[in-house]
**Student:** 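What follows is a structure written as structure tokens; I'll ask about it next.
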Amino acid sequence: MVHPVPRAPKRNPLPPALGTQAVPAAPAAASQLPTVEEISAGGVVVEKHDGGLRVAIIARINRGGRLEWCLPKGHPEGEESYAEAAVREIEEETGIAGDVLAPLGSIDYWFTVSGHRVHKTVHHFLLRATGGFLTIENDPDHEAVDVAWVPVADLGRKLSFPNERRITDLARDLLPAYF
């Protein structure tokens, strides 16, 4: 005896009539969501202070409403190189101007927002502070809610993300060559 193979019902390509309620589709799995590639640049801006070294970092409120301390970073604009974008973004978000001393490498990570996956790559640089004062008032996106100088030795305890702690470990290894 042959059993008929059940078939999926045909879908009506027309929108539901007024006054009827459409059943929402099941959420798509992360791998089925469209992917957006994002690039940012930022880094570790270092200043000599009272015989030691300190780094300017910023605080942001994450999508869950928690405070996260992180390295300043942002998207390149126009024809900016990653190094030029890092210098500009660090100054906008911290108020501290700096000169690039060395590249520190890149990190990448994934997150999901507004129905799409984001693959973000951040290019980091080591910078020497050349002037300015701590402020978040010049941040055009108003992402930073606080800014602070943190002694190099305390960065591991202050930064929220392990990948940024690894970047600051690389910076710490290079510091004797520059300071």
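The first residue in the sequence is number 1, and the count goes up from there.
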**Student:** Let me know which of E93, E68, K73 forms a side-chain contact (heavy atoms from CB on, under 4.5 Å) with I58.
**Tutor:**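 Exactly one pass, corresponding to E93.
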**Student:** Between K120 and S40, what is the shortest heavy-atom contact and its length?
**Tutor:**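 Heavy atoms only, the tightest pair is CE-OG, 3.1 Å.
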**Student:** Is the shortest heavy-atom distance from the side chain of L127 to the side chain of V44 under 4.5 Å?
**Tutor:**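 No, side chains not in contact.
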**Student:** Do you know which two heavy atoms are closest between T121 and S106, and how far apart they sit?
**Tutor:**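 Residues T121 and S106, closest heavy atoms: CG2-CB, 4.2 Å.
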**Student:** Report the distance from atom CG of N62 to atom CG of L67, rounding to the nearest 0.5 Å.
**Tutor:**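 Going from CG on N62 over to CG on L67, the span is 8.5 Å.
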**Student:** For a quick test of reading the model, state the closest non-hydrogen atom pair linking G74 to E89 and the distance between them.
**Tutor:**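 Looking at all heavy atoms of both residues, the closest pair is CA-CD, 3.3 Å.
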**Student:** Are V152 and V55 side-chain neighbours, meaning at least one heavy-atom pair lies under 4.5 Å?
**Tutor:**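 A side-chain contact exists here, since the closest heavy-atom pair is under 4.5 Å.
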**Student:** Taking all non-hydrogen atoms of both residues, which atom of A41 and which atom of Y82 are closest, and how far apart?
**Tutor:**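 Taking every non-hydrogen atom into account, CB-O, 3.2 Å.
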**Student:** Does any N or O in the side chain of Y178 come within less than 3.5 Å of the main-chain N or O of L101, such that one atom is a donor and the other an acceptor?
**Tutor:**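 Judged by distance alone, yes, a pair lies under 3.5 Å.
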**Student:** Is there side-chain contact between F125 and V87, with heavy atoms separated by less than 4.5 Å?
**Tutor:**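 They are not in side-chain contact.
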**Student:** Short question: side chain of N163, backbone of I107 - any donor-acceptor pair under 3.5 Å?
**Tutor:**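 Not a single qualifying donor-acceptor pair exists.
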**Student:** Please determine if E92 and R88 form a salt bridge, counting it only when a charged side-chain N lies under 4.0 Å from a carboxylate O.
**Tutor:**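 Yes, charged N to carboxylate O under 4.0 Å.
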**Student:** Check this for me, if you would: do R166 and D169 make a salt bridge, where the nitrogen-to-carboxylate-oxygen distance has to be below 4.0 angstrom?
**Tutor:**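 No, no charged N to carboxylate O under 4.0 Å.
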**Student:** Please confirm whether the backbone N or O of R117 pairs with a side-chain atom of H119, one donor and one acceptor, at under 3.5 Å?
**Tutor:**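 Pair absent, no side-chain N/O of H119 close to backbone of R117.
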**Student:** For G43 and I90, which heavy atoms make the closest approach, and how far apart are they?
**Tutor:**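 Distance-wise, the nearest heavy atoms are N-CD1, 3.6 Å.
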**Student:** Using a 3.5 Å distance criterion without hydrogens, assess whether the side chain of S160 forms a donor-acceptor pair with backbone atoms of W69.
**Tutor:**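 Pair found, side chain donor or acceptor close to backbone of W69.
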**Student:** To the nearest 0.5 Å, how far apart are CG in D99 and OG1 in T130?
**Tutor:**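 Separation between the atoms: 5.0 Å.
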**Student:** With a 4.5 Å heavy-atom cut-off, do V150 and L159 have their side chains touching?
**Tutor:**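 Side-chain contact under 4.5 Å: no.
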**Student:** Check whether I57 and I61 end up in the same hydrophobic cluster, where Ile, Leu, Val, Met, Phe, Trp and Tyr are linked by side-chain heavy atoms less than 4.5 Å apart.
**Tutor:**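 They do share one cluster, since a chain of ILVMFWY contacts under 4.5 Å joins I57 to I61.
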**Student:** Does the pair E47/R54 count as a salt bridge with the N-to-O cut at 4.0 Å?
**Tutor:**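 A salt bridge links E47 with R54.
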**Student:** Within a strict 4.5 Å, meaning less than it, do heavy atoms of the I39 and H75 side chains meet?
**Tutor:**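 Sidechains of H75 and I39: no contact.
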**Student:** Any side-chain heavy atom of I96 within less than 4.5 Å of one from L134?
**Tutor:**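 A side-chain contact under 4.5 Å exists here.
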**Student:** How close do E164 and L71 get, counting heavy atoms only, and between which atoms?
**Tutor:**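 Taking every non-hydrogen atom into account, OE1-N, 2.9 Å.
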**Student:** Rounded to the nearest 0.5 Å, what's the gap from CG on D154 to OG1 on T168? Could you check?
**Tutor:**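 It comes to 11.0 Å.
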